[in-house]
There are 2 protein chains.
Amino acid sequence: MRGDPVTREPRYRQIAEELRHAITEHAYGPGGKLPSEGALAERYEVSRGTIRQALMLLRHDGLVTSRRGTRRVVLDDAPVQEFAQMQSFARWARSIGETPEGRVIRQGWHSADPDERRQLRIDADARVLRVVRLRLLSGRPAMLERTAYPEALGAIVETLPADTVSVTEFLEQAGVFVADAEHTIDLARADPQDAALLGCAVEDPLLRERRRSTDPAGVPLEWSEDRYLPGSVAFVVHNSLASTPMTRQHMVPVVRDSG
Amino acid sequence: MRGDPVTREPRYRQIAEELRHAITEHAYGPGGKLPSEGALAERYEVSRGTIRQALMLLRHDGLVTSRRGTRRVVLDDAPVQEFAQMQSFARWARSIGETPEGRVIRQGWHSADPDERRQLRIDADARVLRVVRLRLLSGRPAMLERTAYPEALGAIVETLPADTVSVTEFLEQAGVFVADAEHTIDLARADPQDAALLGCAVEDPLLRERRRSTDPAGVPLEWSEDRYLPGSVAFVVHNSLASTPMTRQHMVPVVRDSG
DNA sequence: CAGTGGTCTAGACCACGGG
DNA sequence: CCGTGGTCTAGACCACTGC
């Protein structure tokens, strides 16, 4: 009943959270130096290894540097968000003080096309549930989302009300968790459906995010193409020598069907 | 025979590299299971901790999952690149088999504007070197880059020939290394200069990447705005419960404030 | 030179998954 | 239940920075 979770938060995450707060409260920098690992280990009464785990989190988020020989330096109060917020439009919207809405525009079962088969790693004869959803921020259309779900997941999603605000949160209650996602960001032109629903003109430019999400076991959960009205959102990525989660991808001109 | 260079590659990185190769050669998956940490520790004759460091690298790159209770599962042969390739247009171009070119369009010293002062963390009276560079892929204009360098770095960049292919590689030879970068990706409209140099029309949509790079000590090195012709490039980002390097950023509609 | 973070070891206990 | 990865400890030595 109480907030006592089944599995308590690991010590190194608690420490990372405290340090993150200290940093965003400008206790050190920017440009300031963190205490040494040894000093932190003493302060928190843990081993140096635990401190290093905590600092690793901050480093991957781009909050601090680290190099041999000198103390860690505060880089910036970076705009860090939880994975859960990146993964859920509704959570993100709430975190910035907007009211998220969602409306299913169309929904139906289809046999998977080659792209869907590759992304969802399913057989040629498998079916997918395709859902088109309009996403709104405080009443204004912000994004149009076209998602394909594999059979098992589609059977759940299919039952949701058309105005479900957060599919992600519903799926979590059903025991479905997203653990990994790969995003491809580029530009697209509004097709007639985009234009009608987002309230722009056909051929207007949109920011496009294609996303493939998988569960903790590595099983693909969804393959989605989201189109954002320009001016409503930007994507921020941090990378470093320590981790390079972002890559450029070359696009060769492709021939598309006339639709 | 220990003829190793000054600093040898750490064991965990060697192991990660071997495993990465095995994965991309489809020795396990996709969907396959990796050997347990204990088995790998025995095979490579290292402690379990070292194996875990290696696996952590693969996990952050989105190559494998990891959860308690089961062996790691191969996710995909992900489009992983080195940080160095993400950071350098020329290196990236070569890696995809294209010939990179660069041309300085304009270059000059200015007093830093508020944006540059904040991004480069410099004083109000400091000067910056502003450089406008056109980047080409195999002869075709692909991107226009507007960069601001702080005084010390500008003094070096200023001396480069106008057709320098890789500024990054030159700076490395001068002992300047990029260790961290933050990227903001959204959409922009071509201004007259963009249009003239990229060969598009004014107001045409462009994919915009703003970037702030820092050195290993956390000192800002450059603040840049790159505008890509659509269709030439996409950005790919991997994130997970383990690390969330990407965030959405809300862009507030420009509202005229009435004093 | 002293202090720092990077690497590595050899243990330990626990939480979780799946048979 | 057993095997797995997640957390944590208490050391050790080394490479590097900066005085």
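Protein chains get the first letters and strands the later ones, always in sequence-line order, with residue 1 at the start of each.
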The nucleotide from D:dC8, C:dG18, D:dG18 with an atom nearest the side chain of B:T70 is C:dG18

Does the side chain of B:L40 come within less than 4.5 Å of B:L19's, by heavy atoms? yes

B:E37 CD to C:dT9 P: how many Å, rounded? 14 Å

Kindly check if the number of other-residue, nucleotide or ligand heavy atoms within 6.0 Å of CD (A:E42) is above 12? no

Starting from the 5' end of DNA chain D, give me the residue, A:V46 or B:R72, whose nearest nucleotide shows up first. B:R72

Do the side chains of B:R133 and B:E145 get close enough for a salt bridge, i.e. N-O under 4.0 angstrom? yes

Tell me which of A:G49 and B:S66 sits closer to the 5' end of DNA chain D, going by the nucleotide each one is nearest to. B:S66

Whole-Å distance, B:R11 CZ to C:dG6 C1', equals 17 Å

Looking at A:R52, does any N or O in its side chain come under 4.0 Å of the phosphate oxygens OP1/OP2 on C:dG6? yes

Length of the CZ-C1' vector between A:R48 and D:dC14, whole Å: 11 Å

Distance check: side-chain N/O of A:Y12 vs OP1/OP2 of D:dC8, anything under 4.0 Å? no

Atom-to-atom span, CG of B:L55 to C1' of D:dG6 - whole angstrom: 13 Å

Please work out whether the ring planes of B:W92 and A:H250 are parallel, tilted or perpendicular, with thresholds of 30° and 60°. perpendicular

Distance check needed: C:dT7 C1' versus B:E9 CD, whole Å only. 12 Å

Of A:L34 and B:E45, the one whose closest DNA chain C nucleotide lies more 5': A:L34

From CD of B:Q14 across to C1' of C:dT7 the rounded distance in Å is 12 Å

Of A:H183, A:Q87, A:E182, the one forming a side-chain hydrogen bond (donor to acceptor under 3.5 Å, both in side chains) with B:N239 is A:H183

Which nucleotide in C:dG17, D:dG5, D:dC8 has an atom nearest any side-chain atom of B:S36: D:dG5

Whole-Å distance between D:dG18 P and A:R67 CZ? 5 Å

Quickly work out the B:R68 CZ to D:dG5 P distance and round it to whole Å. 12 Å

